[in-house]
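Encoded as structure tokens, the structure appears first; notes follow it.
Atoms within a ligand are numbered from 1 in the order they appear, just like the ligands themselves. A quick note: this is a predicted structure, and the numbers were derived from the prediction, not measured. For reference, positions follow the sequence shown, starting with 1.
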Amino acid sequence: MIKVDSLTKRYGAFTAVDDVSFTARPGRVTGFLGPNGAGKSTSMRVMVGLTPATSGYAEVSARRFADLPNPGLEVGVLLDASAQHAGRTGREILTIAQRTMGLPAGRVDEMLERVSLTPTESGRRVRNYSLGMRQRLGIATALLGDPEVLILDEPANGLDPAGIRWMRDLLRGYADQGGTVLLSSHLLHEIEVIADDLVVIGNGRIVAQGTKAELLASAGTLVRTRDVPTLSRALVDADVEFSPMTDALRVEADPDVVGQVALRAGVALTELRAADGAGLEEMFLELTADTQREGVAA
Ligand SMILES: Nc1ncnc2c1ncn2[C@@H]1O[C@H](COP(=O)(O)OP(=O)(O)OP(=O)(O)O)[C@@H](O)[C@H]1O
Ligand SMILES: [Mg+2]
């Protein structure tokens, strides 16, 4: 279990993380989703004690990270996979971690096998690793102490499609056995396929959270037509609420109702379907657009 309560992190006058609260539960994969610069890595660094919070706190297994006697046995962490010591081999890095945590030596080979790093690859220096190999080594290090909690910052970064599938299955299996998984991503679809719960962050603030089912469902109907003004008027007349999306309308009613309204108004539709996920996607696109505008202004 991970509990984050009113977490705020400021750098001078800039607020990178603004009053963030959420819980990541055992047996579930919690996706931490947000565009570049949203505050995901900063939040995670605070969770694992690498950066002090300005206010608020984060707890792993009901304790602050700094109070965990042997953190590697409680929480597996993968932050920046490129931060591994480049001059050491993968096997050396794992062996050092295994000794630090007081684990049996056989654990190293077990983990290398688990992440499919061959003996040749694990004998290579990390500076010669591909990004995907670094991610695998990072996962191996995180899993080494068989912790109950995993905190992974963009673990799919640099993995090919087969690697992403592998990672997804691994994390799924881990959560199914009762583990708590928190993983970040700036890609909605990457998170959508694996997460049970979602925490969406933008400009340091949480903009949505809940189960994936909740966030993706009940978004009403998505409807497209070449004649938006006529359909809009008909929806207003029928007292049905709707909001314009980039190139469609999202209507707070069943497709059946929307089809009837369109038929009565004589409007030809080019698309009519339940808007599962459309609300989340639109919100995420708006967040991304906002940060891009800020990036330009800065
Ligand atoms: N040490 C620091 N000093 C000043 N600003 C910082 C520092 N660390 C992070 N920031 C700022 O905090 C904001 C959030 O950064 P963070 O790395 O947490 O974003 P992120 O959500 O992980 O983004 P990405 O998807 O690009 O990894 C950014 O604007 C970043 O520039
Ligand atoms: Mg980041």
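The residue from Val46, Asn36, Leu79, Leu187 that puts a heavy atom closest to atom 26 (O) of ligand 1 is Asn36.
By the 3.5 Å distance cut-off applied to N or O atoms, Lys40 is counted among the residues near ligand 1. Considering both main-chain and side-chain atoms, Ser43 never comes within under 3.5 Å of ligand 1 through any nitrogen or oxygen pair. Residue Phe14 has no nitrogen or oxygen atom sitting less than 3.5 Å from a nitrogen or oxygen atom of ligand 1, judged on distance alone. Residue Gly37 has at least one N or O atom closer than 3.5 Å to an N or O atom of ligand 1.
Under a 4.0 Å criterion applied to the non-hydrogen atoms of Ala16, ligand 1 contributes the atoms 12 (O), 13 (C). Near Ser41, the atoms of ligand 1 lying under 4.0 angstrom from a non-hydrogen atom of the residue are 17 (O), 18 (O), 20 (P), 22 (O), 27 (O).
Within the 4.0 Å cut-off (strictly below), no protein heavy atom is located near atom 30 (C) of ligand 1.
Closest non-hydrogen pair, Thr8 versus Asp18, comes out as OG1-C, 4.0 Å. Nearest heavy atom pair, residue Ala274 against residue Pro255, reads N-CG, 4.0 Å.
Summarising the geometry, atom CG belonging to Leu94 is positioned 8.0 Å from atom CG belonging to Leu117; distances are rounded to the nearest 0.5 Å. Note that the CG atom of Asp67 and the CD atom of Glu59 stand 9.0 Å from one another [nearest 0.5 Å].
Remark: Asp176 engages Arg172 in a salt bridge, criterion side-chain N to carboxylate O under 4.0 Å. Between Glu121 and Arg136 there is no salt bridge, since no side-chain N of the basic residue sits under 4.0 Å from a carboxylate O of the acidic one. Between Glu110 and Arg107, at least one side-chain nitrogen of the basic residue sits less than 4.0 Å from a carboxylate oxygen of the acidic one, meeting the salt-bridge criterion.
The closest protein non-hydrogen atom to atom 15 (O) of ligand 1 is Thr42 OG1, 3.6 Å. Protein heavy atom closest to atom 1 (N) of ligand 1, with residue, atom name and distance, is Tyr11 CE2, 3.3 Å.
Not a single N, O or S atom of Met44, from either the backbone or the side chain, sits less than 2.8 Å from the Mg ion (ligand 2).
Using a 4.0 Å heavy-atom cutoff, Gly39 is listed among the residues neighbouring ligand 1. Residue contacts with ligand 1: Glu154 is included, with a non-hydrogen atom under 4.0 Å away.
Residues passing the ring-ring contact (aromatic ring centres under 6.0 Å, His included) test with Tyr129, sequence neighbours excluded: none.
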